[in-house]
Every structure is written in C-alpha cells, then in structure tokens.
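This report concerns only the one structure given below.
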2 protein chains.
Amino acid sequence: MDVARIGRESGPAKRTDDIGQRRPVPPTTVRRLSTYYRVLGTVQADGQPNVSSETLASLTGFTAAQVRRDLAYFGSFGKRGVGYAVAALRQRLAAILGIDRGWRIGLVGVGNLGRALVAYPGFNNQGFDVVAAFDSDASVIGSRVNGQFVRPVAALENAVRDEQIDMVIVTVPAAAAQQVVDQAVAAGVRAILNFAPTQLRVPSRVQLSNVDLAVEVEYLSYSLAG
Amino acid sequence: MDVARIGRESGPAKRTDDIGQRRPVPPTTVRRLSTYYRVLGTVQADGQPNVSSETLASLTGFTAAQVRRDLAYFGSFGKRGVGYAVAALRQRLAAILGIDRGWRIGLVGVGNLGRALVAYPGFNNQGFDVVAAFDSDASVIGSRVNGQFVRPVAALENAVRDEQIDMVIVTVPAAAAQQVVDQAVAAGVRAILNFAPTQLRVPSRVQLSNVDLAVEVEYLSYSLAG
DNA sequence: CGATGTGAACGCTTTCACAGCA
DNA sequence: TGCTGTGAAAGCGTTCACATCG
C-alpha cells in the first residue's frame, strides 16, 4: 500500500481556493498530489508535453478515475481529447502543496534518520530549506548537516523564534520528543513532523503529522502471516 | 496524521481466523494494531494489568469505538466492566501481526536510511531479524550492520534463495530499485518494503508496501499553505 | 474522436448508541 | 455498575459510466 500513517493530526483539512465554493479536499487526495508531483517530474524529463489520467494512473499505481477526481478538486486543468499539460500541471501542484514557498525547517535529532531525511529526494531544494539542526549528543554538535552547524537542543527555542522556523522535524528518541515539541510550540512553530514512536500533544493551532516506520513492516508481516 | 503511504500493494488484505466465519479486516485496522501493540508495551511497563478502550484511545489518538471495533475483528479479548488484560492482549496482537515469528529480513541499501531503520524501535528484536545487508558502494561493503557484514548487491539473489529471506527492505536510490526488486523476486522473496520514491512492479504473489517520506512533509506544507 | 469532468451508485470506515455480560 | 461487543446509521472515498467539449 502506501506509507504508514499513525496517530492523529490536529487541525482541519479544509481548504477553499480562489473563486467560488470548492468542495472539501479529502486528505487522501492531498497525499496523492505529492506522488503526482513526483512522477510529473520524470514525465517532464522525458519531454512529454501532455499526460492522460490513464498514464498518470499507471505511473503511480492509482486509478485513472482517482487521478481525474483528485485534480478536479482544484479546477479544470485538462484538455479533453488531449490530457494535462505536464509543465503547467506540475507548477500548479507545487503551488497547491505550498512547496514553492521555501518553508524554513528545523531538524531536531541528527542521527541516521535525520541525515537520511535531509538527503531524501524531494526534501531539500524542493520547497524545504533545512535552515537549522539540533542534537543533544555532544559528539554531533558542531558537525554539519546540509551546510548548517548542528547546535545543542537548548538553542531550539530561540532559533525557532529568531530565525522564523515554520516547521520542525523530530527525529529524536521517543522519550525526548514531547520536550522538544513543547519548546518548538512555545516558540511559535506552525507545524511538526514527528518520527518518534510516541503520541505527542500539541495545541490545535499547530499542525502535527506522525510517521511510524514500524507500521508498514508490521502490515507486511500480517499479510505474510495470514 | 499517520504515516505516508503511497502507490499500491499487491495482494488482498483478506484473512480468516481460527474458527468460524470472520469478517474481512480493514487495512486501516491492521495498521492501527501496530500502534496498539506499541503502547501496550508502555502500559505493561507501568504494571497496569488491564486497560480500557478509553485509555487505549487516549494513548493512541484513535477513538474508543475504533479500538473496540478493531480488536473485536479478532475475537472477544475484553472483560466487560474491566477492560483488556494487557499482557495477554499484547501477546495476541503479536501473533495476529505475525511479529512473533522472527521473519528473516534482507536490507538492500545501507545508507543513512537503511541504518536508521535497523536501529528504529520495533524493527530489530521485535519479530524482525535483519540477517543480511547489501550495498553497491565499495566503501560500505565489508562494514557491519546489525552484526552482519555488508555484501555486494550481486550477492542478493543467492542469499535470498539460500538463506530463506522472507522480506527485503529497499533503501537504494530510485533508479536502482526495480533491478534490486527483480532479483529478490526471482529468488523467491515473499514481501518487499520499498522506500525508494518510484513505482515498482512485482508479481501478484509478492506483497509490496511503499513508504514515501516526502508525502507527509508535503501534506503539512499543504496544511500550512491553506 | 478521445479524454476530461462529474452525477450517481457503491463499498468501506467511522461513529452512535445501547444491549449484554463480568 | 462499568465497559465491552455490535447492530444500525452516518460519513467518506472510490468507482462507474457517460455527457461534454477541445
């Protein structure tokens, strides 16, 4: 299936767009947009000017009807008999997803997972700028990640406030996660992406997403065991 | 929300259990079982003999009705007026998820992400034994991961066949993923967990799950941009 | 003609609300 | 009495099927 999702985010998923009443966009649709954006990159690299919903379906593993429905939530970008203009659609998706804004990201926890995320295709130089990194391990502090010196976690709160950090990615051990989040929230962060396998509490004005890397392996295990 | 899921797995999610007709278990339920299993560990460490659905709800972020419905798919483990016996329920969940079987895992791609996964709580010594690791980078081959020497990717096919590897975790660059998967499939692997941001093709007898780490950040970005 | 955009039907999940049992 | 287990209802998301239009 897809990625493993866990827990509960805060805040609604509603959204209205430019003109007129727009139906509420399902969270599942938003997650698929991310994939459309990625595969459009490869289609664009191939030099194709247009794609059909059928092609996008086979490239993503979704259905053609899903593709058309998903895109139609945001307007009518397609030409009947032709398909979607690749470059224009990709640009539009970037705007919808907000990944054309250069969000300022703080990374807390610079272990293997933190470093892997920064290097993951689609993270850096893709609308997300990791502008600060923090860790509690003295042997890591002072080293560099994405060109940034790693600072002690104690510096997080002031950094979020002073350096306009929009989003914090938490890749610390579960036991340390709530404390990290409390500091980030106190300093006014707007969104948190949590990889620690623990349930975090944040005020409703802060967007929270959880990723539990164990969920998908266990899902596969269940499938095999069945 | 939860983990980012992408693409499409192969194979059905059906499952019947011991005696009698059992309703089909929703995939969403299976993914939540994973979380129940985890939080039951902390409840057990606290020495609580029983938990209510209400408590499990607040520990996971799901609703009490969801908890009861999810568990009821597999039988009646609860005592009315009391709740669920923590240790027994946890053990039962391990059996249902199949994480009490010591699946033999092969890790292909020993970069930061691969190393992070092996170290992630709930991976190793939790029903998953990483018994072999592979990489194409000569500077990594011969180093150790989880006590195993890293071997060249060319050794994958024979290893899967000769060492009864059940599942392969793919953390190689997107461009190399399909080739790795083809080898694993040819050698008879039963399940694949893919972290490369690309759509893989496998025969329907092979279980495939995809995790795209970019999906959840982009979902948060969308929420902020809204 | 060909592929989009979309009502309407369908099926899957969640939620409600309470009967039933320890 | 308290909390589970579960019919029934409600809510979402997907799929179908086709009118529509470039």
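Just so it is clear: chains get the letters A, B, ... in the order the sequence lines come, proteins before strands, and each one is counted from 1.
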Checklist entry - A:Ser53 near the nucleic acid: base, sugar-phosphate alone, or nothing, with a heavy-atom cut-off under 4.0 Å? => result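 Result for A:Ser53 = sugar-phosphate.
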
Checklist entry - Between the side-chain atoms of A:Arg80 and the base atoms of C:dG2, is any donor-acceptor pair under 3.5 Å? => result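 No pair found.
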
Between [atom2] on [N] and [atom1] on [X], what's the gap in Å once rounded to a whole number?
{"X": "A:Tyr73", "N": "C:dG7", "atom1": "OH", "atom2": "C1'", "result": "13 Å"}
{"X": "B:Arg31", "N": "C:dT13", "atom1": "CZ", "atom2": "P", "result": "10 Å"}
{"X": "A:Gln66", "N": "C:dC12", "atom1": "CD", "atom2": "P", "result": "14 Å"}
{"X": "A:Leu71", "N": "C:dT4", "atom1": "CG", "atom2": "P", "result": "9 Å"}
{"X": "B:Phe77", "N": "D:dT4", "atom1": "CZ", "atom2": "P", "result": "13 Å"}
{"X": "A:Arg23", "N": "C:dA8", "atom1": "CZ", "atom2": "P", "result": "11 Å"}
{"X": "B:Arg68", "N": "C:dC18", "atom1": "CZ", "atom2": "P", "result": "13 Å"}
{"X": "A:Glu54", "N": "C:dG5", "atom1": "CD", "atom2": "C1'", "result": "15 Å"}

So, is [X] near the phosphate of [N], with a side-chain N or O under 4.0 Å from OP1 or OP2?
{"X": "A:Arg32", "N": "D:dT14", "value": "yes"}
{"X": "A:Thr63", "N": "D:dT15", "value": "yes"}
{"X": "B:Tyr84", "N": "D:dG5", "value": "yes"}

Checklist entry - Hey, what's the ring geometry for B:Tyr219 with B:Tyr222, parallel, tilted or perpendicular (30° and 60° as the breaks)? => result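 Ring orientation, 0 to 90° scale: tilted.
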
Item to check | Contact check, side chains of A:Leu93 and A:Leu71, non-hydrogen atoms, under 4.5 Å | outcome: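 Yes, their side chains come closer than 4.5 Å.
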
Next on the checklist: Under 6.0 Å from the ring centre and within 45 degrees of the ring axis: does the NZ or CZ of A:Arg92 meet both conditions for the six-membered ring of A:Phe74?
Outcome noted: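 A:Arg92 over A:Phe74 ring: no.
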
Item to check | Ionic contact status for B:Asp70 with B:Arg32, cut-off 4.0 Å | outcome: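 B:Asp70 and B:Arg32: salt-bridged.
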
Next on the checklist: If you only use heavy atoms from C-beta on, which nucleotide in D:dG22, C:dT13, C:dT15 is closest to the side chain of B:Pro27?
Outcome noted: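 Of the candidates, C:dT13 comes closest.
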
Item to check | Nearest listed nucleotide, side chain of B:Thr28, among C:dC16, C:dT14, D:dG13 | outcome: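 For B:Thr28, the side-chain atoms sit closest to C:dT14.
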
Checklist entry - Centres of the B:Phe62 and B:Tyr36 rings: under 6.0 Å? => result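 Between B:Phe62 and B:Tyr36, the centre distance is under 6.0 Å.
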
Checklist entry - Mapping B:Val51 and B:Arg69 to their closest nucleotides on DNA chain D, which lands nearer the 5' end? => result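 Residue closer to the 5' terminus by nearest nucleotide: B:Val51.
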
